[in-house]
Amino acid sequence: MSIYDTLNPQQKEAVLHTEGPVLILAGAGSGKTRVLTHRIAYLIEEKGVNPWNIMAITFTNKAAGEMRERVDKIVGFGSESIWVSTFHSSCVRILRRYIDRLGFDHNFTIYDTDDQKSLMKDICKRLQIDTKVHKERAILSAISSAKDELVTPEEYELNNMSDFSKKKIAQAYKEYQKELRKNNALDFDDLIVKTVELFQACPDVLDYYQERFRYIMVDEYQDTNTAQFKFVSLLASKYKNLCVVGDDDQSIYKFRGANIGNILGFEKVFSDAKVIKLEQNYRSTQNILNSANEVIHNNIGRKEKSLWTDNEEGSLVHYRQFMNAYEEAEFIAGDISRKVREADCQYKDCAILYRTNAQSRLFEEKFLMANIPYKLVGGVNFYARKEIKDLLAYLKTVDNARDDLAVRRIINVPKRGIGATTLAKVQDYASEHDMSFYDALKEAENIPTLGRAAAKIEPFVTFVQSLRSKTEYFSPSELLNDIIEETGYVMELKAEGTEEADARIENIDELITKIVSYEEENEDPTLSGFLEEVALIADIDTVDGDGNQVLLMTLHSAKGLEFPYVYLAGMEDGIFPSYMTITADDPAELEEERRLCYVGITRAMKDLTLTCAQQRMIRGETQYNKPSRFIREIPRELVDLGRDFKEQKIKEIPLPNTMKQMKQAFKQPAFIPKQFEVKKSAGLSYNVGDTVKHIKFGVGVVKNIVEGGRDYEVTVDFDKSGTKKMFASFAKLKKVE
DNA sequence: CTCCGAATAGTTTTT
DNA sequence: CTATTCGGAG
């Protein structure tokens with residue numbers, strides 16, 4: 001029996017169909033990674049394809065790493081020469097080799113969002129664009145969208161001649177590209193765009209890579225944008241062995257330019273494409289899968305498919321509503337502790353998913369108090385922290401002499417008495433003589449307007465020059481240590497002695513660890529290489545399965561992952577779906593949110609809990625939200641509303657001290673609005689099937705409980721008065737034993 | 001030039 | 001609520 005016999009018929013077909021274009025529509029949890037890895041193994045072992053000729057593109061470095069690991073396990077040897085990487089790292093690798101053809105240096109810098117913003121700020125000042133009217137962020141996102149669609153500055157301008165504000169953006173776009181080139185830098189989007197440009201401008205380079213990558217596979221294909229599609233189709237246009245895997249129901253990156261047309265129109269572009277659907281889900285219980293199916297069914301623009309599973313029915317989907325976000329977080333923390341204590345699961349089996357990063361704070365707080373180990377994914381990127389960016393800017397300055405942005409960042413860190421006016425004078429001189437900022441610094445004594453300030457610049461230049469001369473025989477980590485030493489960066493922080501400063505020192509230590517481990521993992525470690533790795537790291541990449549801790553992350557980050565126990569928190573209209581999408585007049589936006597919800601639900605293997613809060617602090621203001629409309633889309637019979645009886649059961653269990661304390665601290669909300677008071681204090685002490693007593697109608701049996709906006713609508717079949725519907729807060733029903 | 005406090009604007013989602 | 005920006009004093 002071969003390893004391919006363990007696959008189901010559709011999976012097997014996808015693995016064996018190696019020649020020509022293939023579109024695999026893989027539902028959530030249908031084993032697509034398994035198909036991809038087996039397909040690679042099959043190509044190598046059965047088809048005799050050289051591993052060197054195989055390319056697999058994933059969405060994150062983490063996914064790439066896992067894929068390689070799994071291929072390693074089933075392929076005896078040669079797996080290390082397969083290209084398994086993300087779009088961005090693939091492109092960087094190609095550009096590092098050939099970007100001189102486009103007039104850049106090989107050691108170009110990659111600009112992150114912060115860098116982009118400061119560059120754009122400069123440009124706006126220079127072009128006299130009022131940032132009150134055109135915000136830097138908005139301009140940058142317009143540019144980014146243009147790049148996603150492979151629209152050049154010139155084309156953008158031509159397309160928007162009549163629109164005044166877009167003409168401004170066109171101007172900024174042009175200038176922005178010019179600045180990037182001057183700084184020998186590329187932004188994220190450029191990595192793809194420039195590679196496509198390279199392929200189009202240099203047929204020999206394209207041909208080289210076409211020959212090299214005869215078999216190409218793309219994961220998470222539904223999230224590719226136009227530029228990425230172009231990149232892949234150029235590469236595949238010679239041998240046409242392109243296999244893409246995706247699920248239109250999991251397309252959640254439209255805001256970032258993902259073009260769903262890439263997946264829906266694949267058969268049109270590649271007319272002889274083989275289409276295979278994977279519809280058996282191996283991940284979730286029936287109840288979870290059915291909930292997901294029902295929710296996604298409300299979307300109109302989708303390829304109909306029916307996901308099914310052989311798995312057991314499993315427990316119901318839990319739904320809990322709370323007064324506020326504190327109680328929500330408290331419940332989840334308590335629920336997880338209980339499960340762990342009762343040995344149902346380990347911390348690492350649990351994940352909390354939410355819509356926005358800001359929601360993580362409360363969970364962190366509660367988890368700290370409850371002594372639950374957790375790992376936060378996302379939020380402020382490690383490499384975006386000030387101290388890290390400062391030190392990296394030093395390294396960038398050393399690495400790429402033309403990166404003005406990096407030089408300007410560090411010229412006065414630590415304080416050297418060089419201020420804005422001095423910088424402006426140097427900049428003027430640089431522009432006048434058409435040289436880089438740093439080159440102008442080197443000639444500081446020749447700049448007449450500077451006066452005394454020139455003396456302050458000199459030591460800085462000497463310092464950088466000495467660092468540069470060391471690159472020959474110093475490793476990156478030695479260089480970093482040197483920088484820390486010479487600038488006294490850590491020393492200064494130590495002197496501060498605050499908690500915050502200590503945290504920064506810790507971060508710097510972590511950076512040192514990272515650079516050392518980079519050197520250990522790579523045969524030929526270079527400064528450029530390290531900076532590149534750092535620039536392309538995603539939050540999720542740093543997550544490993546080693547630690548036994550609860551994972552906290554956004555729904556977006558959770559794509560492609562699975563957990564036995566999943567909590568979807570903040571299920572409220574206005575949070576999820578977000579306020580923006582509810583008020584937008586484009587129903588497609590709501591559909592994207594629904595797909596996000598689908599992604600969230602299908603992350604769960606065994607157990608899913610949905611929670612929401614009636615009031616929540618957002619930006620210092622209290623908001624009152626209705627339960628998410630997505631909740632209502634799950635059939636009632638699949639949901640456990642877990643009233644009284646279950647909640648009491650939870651409370652009976654002795655709580656650890658920390659939990660008691662935290663209960664105490666958050667027991668009393670500062671302010672409870674009147675309309676909720678009734679419901680909060682009363683709760684519902686009865687469930688469907690219970691016998692209750694009404695002050696006027698007498699005794700009856702509860703037939704149904706329906707959740708309304710701020711109250712429960714209860715249907716009771718009374719012995720004497722017949723069936724009545726009433727609101728729980730007014731009816732004052734009492735349970736009869 | 002630097003430091004500090006006050007004012008102000010802002011939040012989806014990310015490679 | 002919080003991160004960033006701005007303005008004025010030293």
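Both backbone and side-chain heavy atoms feed into the values below; hydrogens, waters and symmetry mates do not. Within every chain, numbering begins at 1; the chains are lettered A, B, ... in the order of the sequence lines, protein sequences first and strands thereafter.
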Exercise. Phosphate oxygens OP1/OP2 of B:dT13: is one of them under 4.0 Å from a side-chain N or O of A:Ser578?
Worked result: no
For this session: Sticking with atom P, work out how far C:dT4 lies from B:dT13, rounded to a whole angstrom.
Result: 15 Å
Exercise. How is A:Asn61 classified with respect to the nucleic acid when contacts are heavy atoms under 4.0 Å: base, sugar-phosphate, or nothing?
Worked result: nothing
For this session: Remember a base hit wins even if backbone is also touched, and classify A:Phe59 as base, sugar-phosphate or nothing at under 4.0 Å, heavy atoms.
Result: sugar-phosphate
Problem set entry | Interatomic distance where CD belongs to A:Glu136 and P belongs to B:dA9 [whole Å] | 14 Å
Exercise. Between B:dT2 atom P and A:Arg416 atom CZ, what is the distance in whole Å?
Worked result: 11 Å
Exercise. With a 4.0 Å cut-off on heavy atoms, is A:Asp189 in touch with a base, just the backbone sugar-phosphate, or nothing at all?
Worked result: nothing
Problem set entry | Any A:Lys135 side-chain N or O less than 4.0 Å from OP1/OP2 of B:dA9 | no
For this session: Scan A:Arg452 against the nucleic acid and name what it touches under 4.0 Å (heavy atoms): base, sugar-phosphate only, or nothing.
Result: nothing
Exercise. Pick one: which of A:Asn225, A:Thr113, A:Asp189 meets side-chain hydrogen bond (donor to acceptor under 3.5 Å, both in side chains) with A:Ser144?
Worked result: A:Asp189
Problem set entry | Nearest-Å distance for atom pair CD1/C1', residues A:Ile575 and B:dT13 | 13 Å
Exercise. If you look at every strand shown and take non-hydrogen atoms under 4.0 Å, does A:Lys559 touch a base, only sugar-phosphate, or nothing?
Worked result: nothing
Problem set entry | Test side-chain hydrogen bond (donor to acceptor under 3.5 Å, both in side chains) applied to A:Asp249 and A:Gln222, A:Arg302, A:Arg594, the passing residue | A:Arg302
Exercise. If you measure from the ring centre of A:Phe255 to the centre of the six-membered ring in the base of B:dT13, is it under 5.5 Å, with the planes under 30° apart?
Worked result: yes
Exercise. Heavy atoms under 4.0 Å, any strand shown: does A:Ile418 hit a base, just sugar-phosphate, or nothing?
Worked result: sugar-phosphate
Exercise. Can you find a side chain N or O atom of A:Thr422 that sits less than 4.0 Å from OP1 or OP2 on B:dC1?
Worked result: yes
Exercise. Which part of the nucleic acid, if any, lies within contact of A:Phe576, taking any heavy atom under 4.0 Å across all strands shown: a base, the sugar-phosphate backbone alone, or nothing?
Worked result: nothing
Seminar exercise, completed: Of the listed B:dT12, B:dT15, C:dC1, the closest approach to the A:Thr581 side chain comes from B:dT12
Problem set entry | Distance, rounded to the nearest Å, where A:Arg595 contributes CZ and B:dT12 contributes P | 19 Å
Exercise. Are there more than 12 heavy atoms of other residues, nucleotides or ligands under 6.0 Å from atom CZ of A:Phe460?
Worked result: yes
For this session: Please state whether the phosphate of B:dT14, meaning OP1 or OP2, lies under 4.0 angstrom from any side-chain nitrogen or oxygen of A:Thr554.
Result: yes
Exercise. Rounded to whole angstrom units, what separation is found between the CD atom of A:Glu621 and the P atom of B:dA9?
Worked result: 15 Å
For this session: Could you tell me whether A:Arg361 contacts a base, only the sugar-phosphate backbone, or nothing, with contacts defined as non-hydrogen atoms closer than 4.0 Å?
Result: sugar-phosphate
For this session: Using whole Å, report how far CD of A:Gln359 lies from P of B:dT11.
Result: 16 Å
Exercise. How many Å lie between CG on A:Asp573 and P on B:dT12, as a whole number?
Worked result: 17 Å
Exercise. Does OP1 or OP2 of B:dT11 have a side-chain N or O of A:Asn357 closer than 4.0 Å?
Worked result: no
Exercise. Looking across every strand, which nucleic acid part, if any, lies under 4.0 Å from A:Ser557 by heavy atom: base, sugar-phosphate, or nothing?
Worked result: sugar-phosphate
For this session: Describe the nucleic acid contact of A:Ser89 in one word from base, sugar-phosphate, nothing, applying a heavy-atom distance below 4.0 Å.
Result: nothing
Exercise. Got a donor-acceptor pair under 3.5 Å from the side chain of A:Arg355 to the base of B:dT12?
Worked result: yes
Exercise. Under 6.0 Å between the ring centres of A:Phe229 and A:Phe231?
Worked result: no
For this session: Using atom NZ of A:Lys415 as one end and atom C1' of B:dC1 as the other, report the distance to the nearest whole Å.
Result: 10 Å
For this session: Check every strand shown and say whether A:Lys117 touches a base, only sugar-phosphate, or nothing at a heavy-atom separation below 4.0 Å.
Result: nothing
